[in-house]
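Okay, structure first, notes after.
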There are 2 protein chains.
Amino acid sequence: MPKKSNAEAGKRPTIRDVAARAGVSVPTVSRVLAGNYPVAPATRSKVLRAMRELDYVVNAHARALAGATTKTVAFVVDDVTGPFYAHIARGVEQQAASEGRLCLLCTTHGDPERELAVVELMREQRAEAVIVVGGGWDDEHYQERMRYFATALDRSGSRLVLCGRPSPGDDVPATVVHYDNEGGAYAMASHLLSAGHRRIGYLGFGAGLTTTDERIRGFKRAHADHGVAVDESLILPGTFSKAAGHELTRRLLAERDDVTAVFAATDMVAAGVLKALREAGVRVPEDMSVVGFDDIPLASDLTPALTTVHVPHEQLGREAVRLALHRGLELDDRIVLGTHIVVRETVAPPRRRG
Amino acid sequence: MPKKSNAEAGKRPTIRDVAARAGVSVPTVSRVLAGNYPVAPATRSKVLRAMRELDYVVNAHARALAGATTKTVAFVVDDVTGPFYAHIARGVEQQAASEGRLCLLCTTHGDPERELAVVELMREQRAEAVIVVGGGWDDEHYQERMRYFATALDRSGSRLVLCGRPSPGDDVPATVVHYDNEGGAYAMASHLLSAGHRRIGYLGFGAGLTTTDERIRGFKRAHADHGVAVDESLILPGTFSKAAGHELTRRLLAERDDVTAVFAATDMVAAGVLKALREAGVRVPEDMSVVGFDDIPLASDLTPALTTVHVPHEQLGREAVRLALHRGLELDDRIVLGTHIVVRETVAPPRRRG
DNA sequence: CTGAAAGCGCTAACAA
DNA sequence: TTGTTAGCGCTTTCAG
């Protein structure tokens with residue numbers, strides 16, 4: 001029995017149906033599909049017409065199987081609703097789209113189990129690049145984990161891209177797109193110090209988080225360069241949340257009366273700080289200066305508008321896919337994007353002591 | 001020449017390599033992979049071990065080609081950074097993941113060209129469901145477009161899901177997951193009316209947008225039920241942006257002095273309204289009440305915290321994939337989720353004149 | 001319970 | 001320029 005046509009069988013038409021209808025061979029159809037091979041104009045239009053008449057749609061899976069690349073980039077985050085993931089995602093999606101790639105979205109909710117599962121899934125999908133965003137820890141365990149992911153993905157032809165996290169080691173087959181936490185913190189702390197502040201609280205110290213390590217380093221270096229001693233008791237541990245900012249501020253207010261400025265670990269923390277300050281009747285920036293880090297959209301909507309460190313989230317996402325896709329060219333494998341402070345309304349010189 | 005092993009050739013190991021190594025046939029390996037077929041425990045563990053030793057990973061494309069379903073759901077939005085897409089996305093991703101599906105993310109930037117391209121792409125991918133969010137227009141052109149998408153996707157075995165938009169017509173093969181715009185607006189307007197407001201500005205009227213139509217309908221019905229005439233000149237057209245809210249408020253303030261409350265078309269608009277009011281020295285809620293719609297995270301961070309209409313974004317996303325995946329069961333094809341008002345700090349009775 | 005055989009829909013040499 | 005011939009890696013009857 002001759003191969004029966006799908007079109008007639010009520011199933012989706014295949015390249016074979018198109019070929020039959022156009023009176024050409026299957027590869028010819030494949031050629032007009034790919035476009036990168038000479039095909040006689042007449043044949044070409046016959047084929048095109050047949051495709052249209054049958055409402056033919058190529059099967060991406062068959063295509064991926066048969067040869068060509070997979071054309072898929074995966075984007076892995078903790079939680080899509082995180083304040084800045086959206087902007088990184090936009091960068092990733094834009095760049096992926098402009099390079100003709102589709103974008104897979106996966107979330108892990110910080111669960112190592114799921115993280116592992118996601119990486120395996122991406123191996124199955126043969127994703128060209130797997131971009132992991134945020135949440136880096138500074139311990140051996142984490143490093144090892146990433147090393148494993150990187151090599152596992154590498155073995156199946158994918159590239160791991162660490163976005164917004166530091167490098168897990170030079171010998172790990174991964175691309176890393178980071179941003180200058182230390183420089184940003186340094187600039188921001190200097191801004192405060194130059195304004196005359198001497199007692200600056202650092203709220204939301206996340207022990208073991210690489211983000212924290214880097215920011216604190218800049219914070220301290222700025223103090224050193226300004227000849228101001230860092231009061232370690234002013235570095236308050238906490239999560240990167242509004243609630244933490246709120247709570248820590250209340251505590252700070254209750255315990256100290258010499259602090260004139262607060263450096264919030266993130267903008268989210270700063271939002272909580274501002275709220276607590278408002279509740280306590282402390283005016284910003286007259287009585288207390290406040291700064292954040294990240295420059296999330298919320299920052300400019302706060303009252304007063306928050307002075308913060310801008311992180312190029314969108315560019316981070318774009319670079320991540322760009323580097324992963326054009327590897328081996330003159331591009332570097334590990335880059336660090338710059339950050340800069342954005343001066344808005346929450347910083348003023350400290351009030352003269354009464 | 002016998003079929004050469006990929007493993008030896010330095011390529012990725014295939015099911016054939018695993019079979020060879022385990023000393024079984026290819027279908028047997030396939031069976032332990034699928035798990036839905038009896039395999040002798042001994043054989044099973046031999047295969048499992050071979051897979052581990054070879055670091056074997058199934059090829060999702062080959063699998064999709066050969067039979068089984070694609071296990072992919074697509075999520076199409078205008079712009080990932082939109083204020084509430086993130087929460088719908090989270091719902092979509094969560095539900096997709098819990099149903100063992102992968103999630104494709106695509107953006108259109110409101111460009112009809114790209115929208116069309118995305119739909120074609122999803123047809124190629126054989127996505128099980130294509131969830132389109134936001135941005136519905138109330139014109140014939142739009143309806144037709146959606147009808148086309150729905151039937152095109154239907155023909156290639158995918159299901160179109162319209163999320164947060166009204167139905168494009170009963171005969172269109174699409175699933176729609178909507179939320180109660182009219183009810184929410186009705187409740188909110190009633191809240192204002194009950195507090196004593198009689199002159200309420202509606203800022204951000206988007207002509208032709210289904211969202212606007214529905215909200216305005218509720219707004220007017222509430223007025224009617226309270227025996228208050230709607231002043232049409234108080235319904236100000238504008239986009240759903242902060243800038244629009246800001247600009248429209250300035251205009252409103254300049255032109256009218258009888259308005260005691262503002263109903264912002266969206267929370268974003270409300271953010272602009274609040275800003276303009278603050279700049280003009282108008283106190284909220286003492287001098288002017290303000291309400292929004294959507295209940296985006298920003299709403300509770302504004303000062304004062306915004307009273308608004310809560311839309312169950314996350315649930316919207318979850319239902320979208322749930323309905324699309326379990327179609328035909330007792331589930332309905334078109335559902336409307338409820339909305340409710342969230343009372344915060346921006347509404348008070350109107351100030352007594354004079 | 002396991003293997004042999006036959007594709008899924010497409011691309012990629014290789015000829016013609 | 002076009003057709004022929006082989007697979008890509010997996011699942012699925014159908015026998016055993």
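Chain identifiers are assigned alphabetically (A, B, ...) following the order of the sequence lines, protein sequences preceding nucleic acid strands; residue numbering begins at 1 within each chain. What's counted below: heavy atoms across the whole structure, side chains too, no hydrogens, waters or symmetry copies.
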- Between D:dT2 (C1') and A:K46 (NZ): distance, integer Å: 11 Å
- Separation of C:dG9 C1' from B:E124 CD (nearest whole Å): 13 Å
- Query: With B:F149, which residues qualify under ring pair (Phe, Tyr, Trp, His ring centres under 6.0 Å), at least two apart?
  - Reply: none
Sub-3.5 Å pairs of nitrogen or oxygen atoms, protein against nucleotides 1-5 of chain C:
from, atom 1, to, atom 2, distance (Å)
C:dT2, OP1, B:T43, OG1, 2.2
C:dT2, OP2, B:A40, N, 2.7
C:dG3, OP2, B:S25, N, 3.0
C:dG3, OP2, B:S25, OG, 3.1
C:dG3, OP2, B:T28, OG1, 2.7
C:dG3, N7, B:R31, NH1, 3.2
C:dG3, O6, B:R31, NH2, 2.3

- Message: D:dC8, OP1 or OP2 - any side-chain N/O from B:R16 closer than 4.0 Å?
- Response: yes
- Query: With side chains defined as the heavy atoms from C-beta onward, is the minimum distance between B:T175 and B:C163 less than 4.5 Å?
  - Reply: no
- Message: Can you confirm whether A:V29 sits close enough to A:V24 that some side-chain heavy atom of one is under 4.5 Å from a side-chain heavy atom of the other?
- Response: yes
- Interatomic distance, A:M51 CE vs C:dG9 P [rounded to whole Å]: 17 Å
- Query: Ignoring hydrogens and geometry, is there a side-chain-to-backbone donor-acceptor pair from A:R334 to A:A174 under 3.5 Å?
  - Reply: yes
- Task: Rounded off to whole Å, could you give me the CG-to-C1' distance for the A:D17 and C:dC10 pair?
- Result: 13 Å
- B:H61 NE2 to C:dC10 P: how many Å, rounded? 15 Å
- Rounded to whole Å, CG of B:L54 lies from C1' of D:dG9 at a distance of 15 Å
- Item | Salt-bridge present (A:D78, A:R114; N to O < 4.0 Å) | no
- Message: From CZ of B:R123 over to P of C:dC10, roughly how many Å is that when rounded to an integer?
- Response: 13 Å
- What class does the angle between the rings of B:F84 and B:H313 fall in, given that below 30° is parallel, 30 to 60° is tilted and above 60° is perpendicular? parallel
- Report the distance from atom CG of B:N59 to atom C1' of D:dG9, rounded to the nearest whole Å. 6 Å
- Give a yes/no on whether any side-chain N or O of B:S30 is located under 4.0 angstrom from OP1 or OP2 of D:dT11. yes
